[in-house]
Amino acid sequence: MNPRGVAAHNPLLQRGAILLNVVGGRPGGSGVAAIDVRREPKPGLWQGLFRSESARGYALTTPMLAVLFLTLAAPIALLVLYSFWTQMGLYLDQTPTLANYERALGAANYRTLFLRSLGISSLVTLITVGIAYPIAYFVAFRVRRGKFLWLIALTVPFWTSYLLRVFAWKVILGYNGVINSGLMQLGLISKPLEFLLYNPTAVIVTLAHAYAAFAILPIYVSLEKIDRSLLEAAADLGDGPFRRFMRITLPLSLPGVIGAALVIFVPTTGDYVTPALVGGPSGTMIANIIQVQFGRVNNWPLGAALAIASMTAVALAAIFAIQALRIAVARVR
Amino acid sequence: MEKKHGGIGLMIYAIAYLTFLYVPVLFLPLFSFNDSLFVAFPLKGFTTKWYAQMFEDEAMHRAFWNTLRVGFAAALASTALALPAAKALTLNRMRGGNVLIGFANIPLFVPEIVLGISLLILMTAAKVPLSLISVTVGHTLFCIPFALAVLMSRFEGFDRSLEEASLDLGESGWMTFWRVTFPIVFPGVVASLLLTFLVSFDDFMVAFFLCGTDTTLPVFIWGELRFPFKLPGVLALGAAILIGSCILVAFAEWVRRLGTTGSGPASFGHA
Amino acid sequence: MRKTIVVVAALVVLGFAGYVLLSQRGANTFAKNAPSGPPTLFQWESYMDPPFLAEYVAARKETPEVAIFADEDEAFAKMRAGYKPDVMGPCYYEYPRWQEAGLLQPIDTSKIPNWNKISPTLRNLPGISAGENKVWFVPHYWGNTSITYRTDLAPEYNGKESWDILFDPKYKGRVAVLEGVDDVVPFIAHMIGIDAYNMAPGDWEKVQAKLKELIPQLRFVSSDETTLAQSLASGEIVAAMSWRVTYSTLRAEGHPVAYMNPPGGIFTYVCGLVIHKDAKDVDKALALIDSSLSDEAAKYTLTEIGDGPANTKGIADVEDEVFDDLGVPRDADAFLATGLFQQRLQNKDAIVNAWTEIRAGL
């Protein structure tokens, strides 16, 4: 068991590593310490002080795990519990029942909504990762100096309020927004295009913009890690650029791509802000309905059942997609 | 030659991509100077009155301070919790270490709406009134994966023999941590504090469910977006946040450079 | 090495100073609700502005705490979760739910000097009485729900105002409605001759069918003032179900709009003030309500916000032009006497549920 190995394949840790690179001053993700002192630990003293490394490790992680347990595991357990109860007006009937799940999964209405949400999130993920990959590639392989500047430049917009960024898209896609007024000034259209806003496309564009940084960073890290001598070796063996990319670069950057896809796909299925602001009726997503159950409708048990059903659906879809991707890449190779 | 050619194509693409990233964001400052309640082209005229409105809006100030307090508390709490855990998970050979890492990363793979509503249920069940404290709890949870990731990557490659040397020389465990370990991971701690603060500062979806009547800035903004006469003030605020973020990033870069030009522990690992 | 230590020290000092500063600046937010402190007002945006508090501040030499809600469901949920303000500002159609949840206490009107300035119709709204000189709900202001439309873009409706514009095939995709069921359901029901507050068996199905017919006509569903005003201003939509304030905002900015007043009448909502069951100090709560009803507050409600104050006497000396500009009837008492009030929907939970699904296009 090597925790470092885990860290290296964890997309989030890679993302963290980027910020660390930006702020903390440790270039590369190599984890190799360039310091002269290179002694093996002295077993006797070490073990004398810390009887069991594992035990000491658990002791150090306990506070964090306790907090995670209290604020994550316990609430989700409660959420599951709630999903088996029934809302009776202002009060809760605590007799266990599957009625909420029957309604969440059985009703054609909710099924449509689940599918629509998964569809929108999948498209957002594909588009975001697709357009971010060349940028990550560019920074990793083409930029020689000022990589940090590029990375900072690529992340600054994400430190402005998420809400305002969504709102900004409303301004751009709006009826007399930037795109429409621009096209009209150029004389390309005589009256504003109405299909830009209040539909699933608007949701996709807005989300793709909002989550761009989440795609760039993990892909960048996995590209940066690729051993350049592999590419040279392939070139020596006569592989052209395209073949080199397909056989070496792409497969080796796959962990980053998958990581990026996950940190985009999962949160976007739970986003209720963007659909509410730019989605219109046809762009409504499952999270909007869940939010309404906890607010206006005040039916927490049904909301809980919908939340759990959607989480499960997302997990299944993600696992399926990752497997499919792995197989596809293996074929190409 | 071929390489260079591809480089130019990619460069053009990169510039187009940056445009895509920045243009929407830059509309906030643009319209914050527009002399009209309505956010639409053509621009009406230049004004700074929305900034004046922003400085006079006491509710906005309160929300701003609330957000700072929550962000500060959540950053401190999540970094403090993650620091020992990151050390253990990186340096100690632990059974089940990667299971624990996986567990700590769950908050990132659970839709924020679910985090929000499940914490809301917990608070309600525990009869804890919603307040800034409940928001802080939610943000701490949400920030732990970020703090852990940053700190773990700082600990990677940490040479344990330094600690041993210190212990050999008779320093206590606490002093060893304080004089040897902490200075080395210090840039990681700063990075973690900055990142978690930003994550908390920007969060709307969790805070929306956990806010009492004291709101954080994003929740406050959400309410204000509904009122046409408040909107320009919110745009001014957005522009101010944008500038504030840039200053913060510049500051972070400055810290980084300070750390890397010297030869002290902060430059540890700098090749 | 030295540099690092300097940075560490500087950051620690800065962080500490920052934290202390923040703690003091925000101290009141954590340590609030001291027993004898000022009352807390939980209100809609704008209705906690200084004019509503002025009399209270002058008399008691303390400023009430204010908290804002953006919609009543959110406010209700917060209070059910344990938040205890002293005075709240729900609307007439909403407060019965709060009353049933045990959040309210009867209000002694004899202790509110401004009570008698309230329009008689509003003082006698059905259901608000809680016995001799006692009410659950003190009317504070009123407004209307009708349609704001662009007179230049839909000129055929000038002089022939009709809510049917929502279903006009010519404006498919260029109209919008409010999202709250308390607004949209009675409105659409009224269009097909059904009284949503008193539905016969089968009526609800007819209303649902009409609502489903409405969805494809709509550009969006929103109670967001900004969205409504901006899209009417830009011509993105031609007409929208809206409150009068939307119209007032647009009119003030010089846009060619009108607020429909069709033959069938338009809806009137009334919002008011209620006292929390666990109010810290009932006397202070009553004084705060009285302050919100002052003449100055009434004028402010009309001229600055664009709603009609319940204290109709307070606006008696406002010039006619102001009323004309806002489109508010000069003789508010007479208008209210014939008002079509938005009240509580029976079986609201089921209605909300159905509407949630219909508006998602399902």
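Any value given below was found using the heavy atoms of this structure, including those in side chains, with hydrogens, waters and symmetry copies removed. Order of the sequence lines sets the chain letters (A, B, ...), proteins ahead of strands, with each chain counted from 1.
When side chains are defined from C-beta on, B:Tyr13 counts as touching A:Ile131, because their heavy atoms get closer than 4.5 Å. When side chains are defined from C-beta on, B:Ile117 does not count as touching A:Gln293, because their heavy atoms never get closer than 4.5 Å. Between A:Tyr162 and B:Ile221 the shortest side-chain heavy-atom distance does not fall below 4.5 Å. At a threshold of 4.5 Å between non-hydrogen side-chain atoms, the residues A:Phe294 and B:Ile113 do not count as touching. The shortest distance between side-chain heavy atoms of A:Leu154 and B:Leu18 falls below 4.5 Å.
Of the atoms belonging to B:Leu231, it is side-chain heavy atoms, and not backbone ones, that fall under 4.5 Å from chain A. Residue contact with chain A, scored on non-hydrogen atoms closer than 4.5 Å, involves the side chain of B:Leu28 exclusively. Heavy-atom distances place the side chain of A:Tyr137, and not its backbone, under 4.5 Å from chain B. In this structure, chain B has no heavy atom under 4.5 Å from any part of A:Val143. At a 4.5 Å heavy-atom cutoff, the contact between A:Phe167 and chain B is made by side-chain atoms alone. For B:Val199, no part lies near chain A; criterion is any non-hydrogen pair under 4.5 Å. A:Ile264 does not touch chain B: none of its heavy atoms, backbone or side chain, sits under 4.5 Å away.
Relative ring orientation between A:Trp169 and B:Phe20 is described as tilted, the plane-to-plane angle lying within the 30° to 60° band. The aromatic rings of B:Phe204 and A:Tyr272 are tilted relative to each other, their planes meeting at an angle between 30° and 60°.
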| said: Before you tell me yes or no, could you show the steps for B:Leu120 and A:Trp300 under side-chain contact (heavy atoms from CB on, under 4.5 Å), namely the whole-Å CA-CA distance, both residues' side-chain angles and the distance that decides it to 0.1 Å? | reply: CA-CA 10 Å; B:Leu120 174 66; A:Trp300 290 19; 3.8 Å; yes
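When A:Val80, A:Thr269, A:Asn180, A:Leu65 are compared by the number of non-hydrogen pairs under 4.5 Å with chain B, A:Leu65 comes out ahead. Ranked by heavy-atom pairs shorter than 4.5 Å toward chain A, the options B:Ile106, B:Leu141, B:Leu122, B:Leu115 are led by B:Leu141. Comparing A:Val139, A:Asp271, A:Leu81, A:Leu60 by heavy-atom pairs within less than 4.5 Å of chain B, the highest count is held by A:Leu60. If you tally non-hydrogen atom pairs under 4.5 Å between each of A:Thr71, A:Thr268, A:Leu79 and chain B, the highest count goes to A:Thr71.
Contact detail for B:Ala104 and A:Leu68: the closest heavy-atom pair is CA-CD1, 3.4 Å. Across all non-hydrogen atoms, the minimal contact from B:Gly238 to A:Leu164 is CA-CD1, 3.2 Å.
Atom CG of B:Leu10 is separated from atom CD1 of A:Ile135 by 8.0 Å, given to the nearest 0.5 angstrom.
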